[in-house]
Amino acid sequence: MNINKKIASYRGGIIGGAVILISLNSALFINLSSLTIYYISKIIVMVLIILSLILKRWTKRNVFLFSLVFTIVLSVYNITRDDGLIFLSSFVFSIGELNIKKLVRISLIARLMGVSITFLFFILGFLPHLIYFRGADQRFSLGFIQPNLLFANIFYIILGLVFLRFGKIKIYEISFYYIISFIFAQISGNRTGFYLMFLFLTYVLFCSNRDKFLFIVKRNWWVIFFFVSIALSLMYSPYNNLIALLDAVTAGRINQANYFLNNFPITLFGNKVTKMYTTVSYTGSVHILDNLYVSLLVQQGILITIGVLVSISVMIKKLKNSIPNEKIDNNLIIMLFFIFGMYGLFEKSPLDISYNIFLLYFSLILKKGNNYD
């Protein structure tokens with residue numbers, strides 16, 4: 001084994017360890033009564049990524065891109081104190097020649113373990129029985145800190161299973177995933193996630209006609225969803241019957257997004273906005289910013305928003321023009337990012353590497369030409 005292969009092997013083990021810890025953070029550690037393990041895990045992940053970056057072979061082009069991206073990301077972090085983009089961009093630049101499909105498998109195994117242990121701790125009484133209310137509806141978290149995070153973990157587990165089994169998956173497997181996603185949607189009260197999972201599984205079930213269908217999604221829908229989100233949020237009024245109806249369907253997310261757009265300035269480098277519960281108004285109501293696109297613009301700023309939307313466009317273009325190989329299916333990844341784009345209308349996890357390991361495919365934009373591994 002020559003030196004380059006040895007280094008690649010070391011880097012594979014290092015990044016694999018980082019993927020395990022970052023996945024366990026969102027599936028297990030964040031649910032524990034003490035967040036000590038959660039924060040220690042994040043520190044270890046960053047150390048591992050730095051080691052991988054040191055061992056990586058760099059081109060002049062990627063050194064320039066790395067310097068540019070991290071100048072912006074660190075400037076944004078200095079204001080927002082949100083480290084999500086630091087972890088995402090660090091992972092993307094550290095991938096290099098590594099096999100992303102293997103990392104998806106590693107993340108899936110870690111997430112399955114984390115969710116299983118969370119359920120076990122919940123059953124044994126080590127984690128609290130939290131019940132949330134949406135109107136008259138009860139929502140259960142089963143040991144997770146929030147019902148939406150329960151469903152998010154199930155959502156990404158099913159996506160990972162389907163991704164790894166694509167081309168060999170049987171109808172009974174898809175039927176099982178339909179049932180599981182429906183059950184957890186009922187428990188957590190996450191109807192949107194179930195509808196998106198239904199759409200994705202239906203696509204996989206009828207994938208023989210995927211090329212005819214994918215002409216619709218082979219474009220950057222994230223840009224469209226971004227402008228739709230901003231427009232609806234700015235136009236929100238309880239007296240506009242259509243938008244009020246859409247707001248009711250989206251559990252008040254348009255109204256909430258309107259609050260943030262009206263109360264925070266739009267800047268190049270964003271604003272400090274607490275991730276979940278940002279503020280309590282004089283009326284006593286809690287304001288929550290769940291829409292990914294409004295969150296990008298308000299919290300992360302104009303430069304990051306443009307960077308994310310451009311990156312999605314470049315990645316999709318690479319996937320459309322790439323020579324297909326046996327390791328991954330170009331169309332399936334494009335479909336996944338279409339689903340993530342829709343999910344972003346309601347949740348922020350599609351741009352969180354601790355949940356969405358498929359974000360590693362952003363690394364395609366760092367490679368020259370249209371071929372990839």
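Note: hydrogens, waters and symmetry copies are ignored here, and every other heavy atom, side chains too, is used.
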Could you tell me whether the side chain of [X] and the main chain of [Y] form a donor-acceptor pair under 3.5 Å?
| X | Y | result |
| --- | --- | --- |
| Tyr293 | Gly341 | yes |
| Asp247 | Asn255 | yes |
| Lys272 | Asp82 | no |
| Asn291 | Val294 | yes |
| Gln299 | Val273 | yes |
| Asn31 | Ile145 | yes |
| Tyr355 | Phe155 | no |
| Thr305 | Leu296 | yes |
| Ser311 | Phe362 | no |

Q: Begin with the C-alpha distance, continue with both residues' side-chain angles, and end with the deciding distance and a verdict on side-chain contact (heavy atoms from CB on, under 4.5 Å) for Asn25 and Lys42.
A: CA-CA 8 Å; Asn25 260 4; Lys42 292 180 78 169; 3.2 Å; yes

Tell me if the [atom1] atom of [X] is crowded by more than 12 foreign heavy atoms within 6.0 Å.
| X | atom1 | answer |
| --- | --- | --- |
| Asn262 | CG | yes |
| Ile171 | CD1 | no |
| Ile37 | CD1 | no |

Would [X] end up clustered with [Y] when hydrophobic side chains under 4.5 Å apart are linked, directly or stepwise?
| X | Y | result |
| --- | --- | --- |
| Val249 | Leu292 | no |
| Val204 | Ile179 | yes |
| Met197 | Tyr172 | no |
| Phe64 | Phe93 | yes |
| Leu234 | Leu245 | no |

Report the distance from atom [atom1] of [X] to atom [atom2] of [Y], rounding to the nearest 0.5 Å.
| X | Y | atom1 | atom2 | value |
| --- | --- | --- | --- | --- |
| Ile30 | Phe144 | CD1 | CZ | 10.5 Å |
| Leu74 | Ile79 | CG | CD1 | 12.0 Å |
| Phe338 | Ile316 | CZ | CD1 | 10.5 Å |
| Leu85 | Asp352 | CG | CG | 9.5 Å |
| Phe29 | Ser354 | CZ | OG | 12.5 Å |
| Leu201 | Ser181 | CG | OG | 6.0 Å |

Q: Scan Ile353, Leu88, Val104 and name whichever one has a side chain to side chain contact (heavy atoms under 4.5 Å, CB included) with Leu360.
A: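 Option passing the side chain to side chain contact (heavy atoms under 4.5 Å, CB included) with Leu360: Ile353.
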
Q | Ile95, Val92, Thr59 screened by side chain to side chain contact (heavy atoms under 4.5 Å, CB included) with Leu366, the one that passes | A |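 The passing option is Val92.
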
Q.
On the six-membered ring of Tyr195, is Arg191 placed so that its NZ or CZ lies under 6.0 angstrom from the centre and within 45° of the ring axis?
A.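 No cation-pi geometry.
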
Q: Using the ring of Trp58 (Phe, Tyr or Trp, six-membered ring only), decide whether Lys60 places NZ or CZ under 6.0 Å from its centre and within 45 degrees of its axis.
A: no

If you look at every heavy atom in [X] and [Y], which pair is closest and at what distance?
| X | Y | answer |
| --- | --- | --- |
| Ala18 | Leu48 | N-CD1, 3.6 Å |
| Leu345 | Ser229 | CD2-OG, 3.1 Å |
| Ile365 | Lys318 | CA-CE, 4.3 Å |
| Ser90 | Leu53 | O-CD2, 4.3 Å |
| Ser23 | Ser107 | OG-OG, 2.9 Å |
| Pro350 | Leu359 | O-CD2, 3.3 Å |

(Q) Please evaluate residues Lys101 and Phe163 with respect to the criterion side-chain contact (heavy atoms from CB on, under 4.5 Å), reporting the C-alpha separation (whole Å), side-chain torsions for both, the decisive distance (0.1 Å), and the verdict. (A) CA-CA 9 Å; Lys101 189 170 184 178; Phe163 176 79; 3.9 Å; yes

(Q) Let's go through Ser34 and Thr36 carefully: what are the C-alpha distance in whole Å and the side-chain angles of both, what is the deciding distance for side-chain contact (heavy atoms from CB on, under 4.5 Å) to 0.1 Å, and is it a yes or a no? (A) CA-CA 6 Å; Ser34 171; Thr36 302; 3.0 Å; yes

is_close_aromatic([X], [Y]), centroid dist under 6.0 Å:
| X | Y | result |
| --- | --- | --- |
| Phe182 | Phe198 | no |
| Phe358 | Phe337 | no |
| Phe122 | Phe126 | no |
| Phe184 | Phe151 | no |

Q.
Before you tell me yes or no, could you show the steps for Asn331 and Tyr203 under side-chain contact (heavy atoms from CB on, under 4.5 Å), namely the whole-Å CA-CA distance, both residues' side-chain angles and the distance that decides it to 0.1 Å?
A. CA-CA 11 Å; Asn331 289 334; Tyr203 159 75; 3.9 Å; yes

Checking [Y] against [X]: is there a side-chain donor and acceptor pair closer than 3.5 Å?
| X | Y | value |
| --- | --- | --- |
| Asn148 | Glu347 | yes |
| Asn190 | Arg139 | no |
| Asn258 | Ser233 | no |
| Tyr38 | Ser26 | no |

Q) Cluster partners of Ile109, using ILVMFWY side-chain heavy atoms under 4.5 angstrom, listed by chain and number? A)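 Members besides Ile109, by chain and number: Met113.
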
Answer yes or no: is there a side-chain heavy-atom contact under 4.5 Å between [X] and [Y]?
| X | Y | value |
| --- | --- | --- |
| Met342 | Thr192 | no |
| Leu309 | Phe226 | yes |
| Leu261 | Ile266 | yes |
| Asn271 | Phe260 | no |

(Q) Strictly by side-chain hydrogen bond (donor to acceptor under 3.5 Å, both in side chains), give each pair with a member in residues 151-162 just once, sequence neighbours left out. (A)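 Non-adjacent pairs meeting side-chain hydrogen bond (donor to acceptor under 3.5 Å, both in side chains): Arg111-Asn153, Tyr156-Ser349.
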
Q. Any salt bridge between Glu173 and Lys168, counting N to O under 4.0 Å?
A. no

